[in-house]
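Every heavy atom of this structure was used, including side-chain atoms; hydrogens, water molecules and symmetry mates were not. Residue numbers begin at 1 in each chain, while the letters A, B, ... track the order of the sequences.
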Amino acid sequence: MLDIQLFRDEPEKVREGLAKRQLDTAVVDQVIEMDQQRRELIQKVEAMRAEKNTSSKEIGQIRNPKDREQKIAAMRILGDKLDSAETELSELEPKLEALLATLPNLPDPRVPLGADESENVVQKTVGDLPEFDFEPKAHWDLGPELGILDFERGVKLSGTRFYVLNGAGARLQRALVSFMLDTLTRQGYEERYTPFMVKEEVVYASGQLPKFGDNLYHDIEEDFWWVPTAEVPLTSLHKDEILEESALPISYTAYTPCFRREKISAGREVRGIKRGHQFDKVEMYVFCRPEDSEEQFKRLLADGERICQLLELPYRVSNQCTGDLGFAAAYTSDIEVWAAGCQEWLEVSSISNTRDFQARRAAIRYYPEGGKNTRFVNTLNGSGLGLPRVLIAVLENNQREDGSVVVPEALYPWMGGIEVIEP
RNA sequence: GGAGGGGUGCCAGAGUGGCCGAUUGGGGCGGUCUCGAAAACCGUUGUGGUUCUUACGGGCCACCGUGGGUUCGAAUCCCACCCCCUCCGCCA
């Protein structure tokens with residue numbers, strides 16, 4: 001949620017930010033107009049309420065029944081006026097709220113301009129791309145040949161874009177999750193295991209609702225929403241709380257499955273397990289003071305990169321352009337790992353600073369020490385990392401000519417003695 | 001799912017129509033006392049909105065689980081919902 005104060009004080013800044021996201025800036029005037037109306041109504045309503053309060057107190061004191069009746073009659077008339085003004089206000093406020101809720105965060109000035117992800121700007125590439133003296137296979141061939149990836153049975157159970165991992169494949173995935181959680185925990189992130197189904201207000205708080213409901217699975221009977229990312233429950237962990245400044249920054253890591261309808265991309269990238277309706281992810285999440293969020297962003301990025309390094313995966317970091325930038329983010333960097341079989345950079349992490357955008361929606365504040373007013377915290381999120389894609393890269397990059405795959409050393413503690421996956 | 005009990009400020013816990021934004025106790029913070037600490041004593045201690053010739057300041061309004069209703073007036077009465085506890089049922 002954008003700060004309404006920003007519309008009052010610096011409407012140009014808001015227009016500029018929205019324009020960068022290819023949005024119609026007419027909403028800015030609409031918001032300002034509604035805000036103006038709202039404040040006028042509030043003044044009207046509160047003046048009447050003040051009068052009502054004092055009169056009601058007086059009525060309590062009046063002994064003379066005639067005077068009393070007279071006063072009460074007058075109050076009935078005022079009450080009716082108040083009612084209609086209150087109704088007007090109670091209709092306007094949700095409208096203003098709803099309008100604001102549809103507006104994305106303003107992009108940081110440093111975010112490169114661009115229409116879509118093809119215009120993201122690569123910052124650096126780390127690690128050498130693996131070379132082979134044979135033709136490396138893509139995971140959709142490698143996996144089934146190893147017997148660890150079963151597309152047919154996934155489809156049998158749930159339809160297209162679902163698969164089953166077998167034996168060492170399932171174990172490898174589990175090892176990756178454990179490895180990431182343990183590595184991040186050592187870096188100072190506290191692990192959380194959260195619900196995978198949450199209330200509507202929780203999905204709203206992190207920004208997926210109201211605009212992106214069509215990418216979410218929703219149980220209508222119980223009004224449960226299936227989490228599309230751990231970012232959703234982690235944001236609301238401190239919803240409606242006032243935190244101690246001394247407790248900040250608070251850093252969490254969490255494993256969750258993620259559920260997405262992916263209707264938009266229905267025809268794209270169907271091959272393999274790169275994109276599905278269900279996938280696993282380990283997430284990093286930080287609540288911090290506004291003045292620390294820049295530094296925390298760097299930390300998240302470094303910790304995401306570290307996972308790639310430990311797994312010996314070549315990766316590159318790029319800055320998302322305005323056209324690719326997520327709804328809640330002020331700026332975002334992506335980490336992509338190289339997958340030697342499908343010959344592609346796979347996005348395995350998006351690290352975002354949402355500043356106070358989510359904190360406003362979720363009402364997460366803190367007391368600055370010595371200060372007397374609460375402030376909104378800043379929140380940041382990033383994958384650390386997204387699962388099936390890391391699995392793809394590990395399999396494809398570490399394959400040998402005989403079709404076997406060498407497990408990265410970093411995963412040994414969780415692989416139960418499996419160092420090579422063989423057909 | 002069934003029966004019963006309950007949701008009040010940081011915590012405990014009063015309050016059954018106007019004197020309640022809320023008694024009291026604890027905690028926190030500031031102070032007195034002390035070499036220092038404890039004890040004792042004094043003071044203070046929520047959030048949000050809005051407004052005022054922008055103030056470490058003042059006014060007004062709202063908030064006693066949530067949303068409606070009754071009333072000149074609701075923490076207090078009525079309705080619906082949510083959550084928690086106990087017992088029964090079911091289960092991992």
Taking B:U8 as the reference, what is the distance to B:G25 when you measure between their C1' atoms (whole Å, please)? 15 Å
Earlier contact from the 5' end, RNA chain B, for A:Val45 and A:Lys52: A:Val45
Taking OP1 and OP2 of B:G48, is either one under 4.0 Å from a side-chain nitrogen or oxygen of A:Thr374? yes
Without decimals, in angstroms, what is the distance between A:Glu201 CD and B:C81 C1'? 14 Å
What pairs with A:Asn398 under side chain to side chain donor-acceptor pair (under 3.5 Å), at least two apart in sequence or on another chain? none
Let me know the distance between CD1 of A:Ile72 and P of B:U71, rounded to the nearest Å. 12 Å
Contacts satisfying ring pair (Phe, Tyr, Trp, His ring centres under 6.0 Å) that involve residues 215-237 of chain A (not counting sequence neighbours) are A:His218-A:Trp225, A:Trp226-A:Phe259
A:Tyr331 and A:Asn353 side chains, donor-acceptor separation under 3.5 Å: yes
Integer angstrom distance from the P of B:G65 to that of B:C72: 25 Å
For nucleotides 54-60 of chain B, 5' to 3', base contacts (B), sugar-phosphate-only contacts (S) and non-contacts (-) with protein non-hydrogen atoms under 4.0 Å give --SS--B
Holding to side-chain contact (heavy atoms from CB on, under 4.5 Å), I want the full list of residues that pass it with A:Gln173, two or more places apart in sequence or in another chain. A:Leu165, A:Asp280, A:Leu387, A:Leu391
Please report the distance separating the P of B:G26 from the corresponding atom of B:C82, rounded so that it comes out in whole Å. 39 Å
Whole-Å distance between B:U50 P and A:Arg8 CZ? 5 Å
For nucleotides B:U70 and B:A80, find the distance between their C1' atoms and express it as a whole number of Å. 15 Å
Searching all strands shown, indicate the nucleotide that pairs with B:A55 (Watson-Crick or G-U wobble; both distances under 3.5 Å). none
Below 3.5 Å, can you tabulate the donor-acceptor pairs from side chains in residues 46-56 of chain A to any protein atom, sequence neighbours excluded?
from: A:Arg49; atom 1: NH1; to: A:Glu86; atom 2: OE2; distance (Å): 2.4
from: A:Asn53; atom 1: ND2; to: A:Arg49; atom 2: O; distance (Å): 3.4
from: A:Thr54; atom 1: OG1; to: A:Ala50; atom 2: O; distance (Å): 3.2
from: A:Thr54; atom 1: OG1; to: A:Glu51; atom 2: O; distance (Å): 2.9
from: A:Ser55; atom 1: OG; to: A:Glu51; atom 2: O; distance (Å): 3.2
from: A:Ser56; atom 1: OG; to: A:Lys52; atom 2: O; distance (Å): 3.0

Tell me every residue that passes side-chain contact (heavy atoms from CB on, under 4.5 Å) with A:Arg186, counting only those two or more places apart in sequence or in another chain. A:Thr183
What is the nucleic acid contact for A:Ile42, judged by heavy atoms within less than 4.0 Å: base, sugar-phosphate only, or nothing? sugar-phosphate
Can you check the distance between B:G13 and B:U24, where both ends of the measurement are the C1' atom (answer in whole Å)? 8 Å
Expressed in angstrom and rounded to an integer, what is the separation of A:Leu41 atom CG from B:C61 atom C1'? 14 Å
ring-ring contact (aromatic ring centres under 6.0 Å, His included) filter on A:Phe357, not counting sequence neighbours, yields A:Phe327
Please tell me whether A:Asn120 and A:Ser318 have a donor and an acceptor in their side chains that are separated by less than 3.5 angstrom. no
Would you please indicate if the ring centroids of A:His238 and A:Tyr366 are separated by under 6.0 Å? no
How is A:Arg68 classified with respect to the nucleic acid when contacts are heavy atoms under 4.0 Å: base, sugar-phosphate, or nothing? base
Let me know the distance between CG of A:Asp240 and C1' of B:G46, rounded to the nearest Å. 15 Å
In the strands shown, is B:G17 matched to any nucleotide by a Watson-Crick or G-U wobble pair with both distances under 3.5 Å, and which? none
Same-atom distance (C1') from B:U44 to B:U34, integer angstrom: 23 Å
Salt-bridged, A:Asp29 to A:Arg15, with N to O below 4.0 Å? yes
Taking only N and O in the side chain of A:Arg39, is any of them less than 4.0 Å away from OP1 or OP2 of B:U51? yes
Nearest-Å distance once atom P is located in both B:C10 and B:G46: 9 Å
B:G43 pairs with, by Watson-Crick or G-U criteria that keep both distances under 3.5 Å: B:C29
Just the rounded figure in Å: distance from P of B:G73 to CD of A:Glu58. 15 Å
Counting only Watson-Crick or G-U wobble pairs whose two distances fall under 3.5 Å, which nucleotide matches B:G73? none
Kindly list each side-chain donor-acceptor pair under 3.5 angstrom involving residues 146-155 of chain A, sequence neighbours excluded, with atom names and distances?
from: A:Asp150; atom 1: OD1; to: A:Glu152; atom 2: N; distance (Å): 3.2
from: A:Asp150; atom 1: OD1; to: A:Arg153; atom 2: N; distance (Å): 2.9
from: A:Asp150; atom 1: OD2; to: A:Arg153; atom 2: NH1; distance (Å): 2.8

Does the side chain of A:Arg38 get closer than 4.0 angstrom to OP1 or OP2 of B:G49 through an N or O atom? no
When rounded to whole Å, the CD to C1' distance for the pair A:Gln5 and B:G48 reads 14 Å
Expected list for residues 73-86 of chain A near RNA chain B, using heavy atoms below 4.0 Å, is A:Met75, A:Arg76
How long is the line joining NZ of A:Lys57 and C1' of B:U71, in whole Å? 17 Å
Rounded distance in Å between the P positions of B:A75 and B:G18: 10 Å
Need the pair for B:G1. Rule: Watson-Crick or G-U wobble, both distances under 3.5 Å, any strand; none if unpaired. B:C88
